[in-house]
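Just so it is clear: chains get the letters A, B, ... in the order the sequence lines come, proteins before strands, and each one is counted from 1.
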There are 2 protein chains.
Amino acid sequence: MTSSRSKIPRATVKRLSLYLRELESRHNQNQKTINSKQLGDVLSLTDAQVRKDLAYFGQFGYPGVGYRILELIENLRRILGTDRKWNAVVIGAGNIGRAIMAYQRFRQKGFEVVAVLDNDRSVVGQVISGHHVRPMSDLNDLVQQRDVKIGILAVPAPVAQEVADQLIEAGVQGILNFAPVRLDVHDAVGITSVDFSVALEQLAFQISLGVTGSLEEENDQ
Amino acid sequence: MTSSRSKIPRATVKRLSLYLRELESRHNQNQKTINSKQLGDVLSLTDAQVRKDLAYFGQFGYPGVGYRILELIENLRRILGTDRKWNAVVIGAGNIGRAIMAYQRFRQKGFEVVAVLDNDRSVVGQVISGHHVRPMSDLNDLVQQRDVKIGILAVPAPVAQEVADQLIEAGVQGILNFAPVRLDVHDAVGITSVDFSVALEQLAFQISLGVTGSLEEENDQ
DNA sequence: CGTTGTGAAATGATTCACAGCT
DNA sequence: AGCTGTGAATCATTTCACAACG
């Protein structure tokens with residue numbers, strides 16, 4: 001292993017996901033290789049950016065050729081950790097919880113929902129996307145027995161912190177948070193948040209600027 | 001108007017939403033003022049960062065006092081464009097579409113869903129969150145008659161670009177995209193994307209690093 | 001050739017530190 | 001006295017440009 005140990009910008013990690021998405025699409029169309037210019041163009045990035053991002057993690061390219069798509073896909077999956085299986089529990093059987101459970105792509109990425117929990121008596125026992133909704137009291141046993149690494153938090157904002165604490169107490173290593181609050185957790189736990197309101201506000205801002213104004217960067221897709 | 005015309009970093013705009021979220025929470029607890037240190041602490045930012053972000057848009061603070069919460073909320077809403085009403089259509093009556101329609105917070109932020117469209121015959125006519133699902137052929141009339149400014153795209157990836165084109169053709173000014181593809185649109189249209197898979201991959205990466213590694217920045221919440 | 005990987009330069013964002021306001 | 005707004009300094013990221021490679 002010769003991999004150099006320099007600091008990896010967070011923005012680079014976000015782009016890795018986007019590279020992977022594009023590469024998978026090209027792979028499905030049977031394309032075999034791609035160069036940094038082509039890959040950059042679809043994401044509105046420079047070729048140098050693409051090369052530098054990838055070079056943080058190793059030497060994947062072939063001078064004069066570019067990158068072999070399949071090989072790069074495998075490398076990116078390994079780097080991102082989606083070449084493994086991650087068991088997850090969904091907390092909250094409301095609309096967002098249901099949408100998540102039905103989202104096929106999660107499984108494709110290696111994330112397996114092993115249970116849905118909710119502490120609302122009126123939903124416990126219902127079947128959603130093939131899972132019986134279980135009471136929150138099952139959490140600890142589930143995490144132990146099914147080796148659950150990820151909690152997907154789809155509960156109302158006011159209880160999100162409390163439930164996050166329970167998840168961490170139970171032993172999950174990461175939380176995907178859909179509640180519009182910032183969770184306060186210690187550093188050993190990974191957190192990624194998806195906040196629809198923030199997304200909408202970003203959009204409203206772009207539209208409000210309209211012809212009026214000027215943001216320097218382009219779309220945050 | 002004395003507002004200085006400097007470049008606004010995109011990261012600043014994203015933080016504006018987070019400031020607003022925190023301010024609204026404090027306002028509900030009846031807090032009247034807040035200073036840049038307090039506001040920065042909850043988001044793990046420096047006080048200077050907070051002040052600089054806000055100063056891009058005007059002078060909102062009172063030396064010796066801080067910021068008056070209600071006043072700052074109003075200013076941020078105006079800046080973000082959520083002090084206005086935006087009519088929106090949801091395209092796609094699948095799980096994500098349903099979750100969005102049921103998401104109360106959208107309306108609180110000034111976004112009004114005036115219709116759901118889908119071109120799957122088997123769902124057209126169904127009622128979802130109080131709206132009849134209408135056929136895609138109604139799109140143009142709807143956008144005209146209801147002054148629709150925003151399209152919320154909750155369709156499968158393979159048709160996302162095509163539907164985006166239809167939305168723009170019909171006259172929407174912004175698209176909130178839930179499909180895991182990059183949309184290619186001309187600059188006059190605002191785009192914000194929410195990709196669950198990207199979020200999960202970011203999380204997987206954080207966990208994979210685990211004790212192992214070190215990203216420089218902390219949580220992207 | 002064409003294209004990578006990478007130092008060096010340029011650009012951009014954050015933090016420091018302090019004058020000035022209330 | 002306490003806190004803002006902001007130039008100057010620091011730190012991070014992106015782009016340039018080119019040697020090295022298949």
*Tell me which of B/G64 and B/A48 sits closer to the 5' end of DNA chain C, going by the nucleotide each one is nearest to.*
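Here B/A48 is the residue nearer the 5' end.
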
*asked:* Could you check whether B/D47 and B/S36, counting side-chain N and O atoms only, form a donor-acceptor pair closer than 3.5 Å?
replied: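 B/S36 vs B/D47: no donor-acceptor pair found between side chains.
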
_Under a plain distance cut-off of 3.5 Å, with no hydrogens placed, do A/D165 and A/Q161 share a side-chain donor-acceptor pair?_
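Side chains of A/Q161 and A/D165: pair found under 3.5 Å.
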
*Test A/V185 against A/I191 for side-chain contact (heavy atoms from CB on, under 4.5 Å), laying out the working first.*
CA-CA 8 Å; A/V185 302; A/I191 299 251; 3.7 Å; yes

Distance check: side-chain N/O of [X] vs OP1/OP2 of [N], anything under 4.0 Å?
X: A/Q49; N: D/dC16; value: no
X: B/R15; N: C/dT14; value: yes
X: A/T46; N: D/dT15; value: yes
X: A/R51; N: C/dT4; value: yes

With a 4.5 Å heavy-atom cut-off, do [X] and [Y] have their side chains touching?
X: B/L203; Y: A/W86; value: no
X: B/R26; Y: B/V42; value: yes
X: B/I152; Y: B/F111; value: no

*Which part of the nucleic acid does B/G61 contact within heavy-atom distance under 4.0 Å: base, sugar-phosphate only, or nothing?*
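Contact class for B/G61: sugar-phosphate only.
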
*In terms of ring plane angle, is the pair A/F205 and B/F57 parallel, tilted or perpendicular, where the classes change at 30° and 60°?*
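Ring orientation of A/F205 relative to B/F57: perpendicular.
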
Integer-rounded Å distance: [N] [atom2] and [X] [atom1]:
X: A/I8; N: D/dT14; atom1: CD1; atom2: C1'; value: 17 Å
X: B/Q59; N: D/dT6; atom1: CD; atom2: C1'; value: 10 Å
X: A/L43; N: D/dT14; atom1: CG; atom2: P; value: 13 Å
X: B/Y56; N: D/dT6; atom1: OH; atom2: C1'; value: 11 Å
X: A/D47; N: C/dT3; atom1: CG; atom2: C1'; value: 9 Å
X: A/R10; N: C/dT14; atom1: CZ; atom2: C1'; value: 16 Å
X: B/F57; N: D/dG5; atom1: CZ; atom2: C1'; value: 15 Å

*If you measure from the Lys or Arg side-chain nitrogens to the Asp or Glu carboxylate oxygens, is any gap between B/E24 and B/K109 under 4.0 Å?*
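Between B/K109 and B/E24 there is a salt bridge, with a charged N closer than 4.0 Å to a carboxylate O.
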
_Pairwise 5' ranking along DNA chain D for A/K52 and A/V65, keeping only the more 5' one_ =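 The 5'-side residue here is A/K52.
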
*Near DNA chain D, under 4.0 Å by heavy atom, which residues of residues 67-78 of chain B?*
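Residues of residues 67-78 of chain B that come under 4.0 Å of DNA chain D are, in numerical order, B/Y67.
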
_Tell me which residues in residues 23-41 of chain A lie within less than 4.0 Å of DNA chain D, going by non-hydrogen atoms._
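By residue number: none to list.
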
*Stepwise, does the side-chain contact (heavy atoms from CB on, under 4.5 Å) test hold for A/R84 with B/S208?*
CA-CA 10 Å; A/R84 274 153 276 173; B/S208 302; 3.6 Å; yes

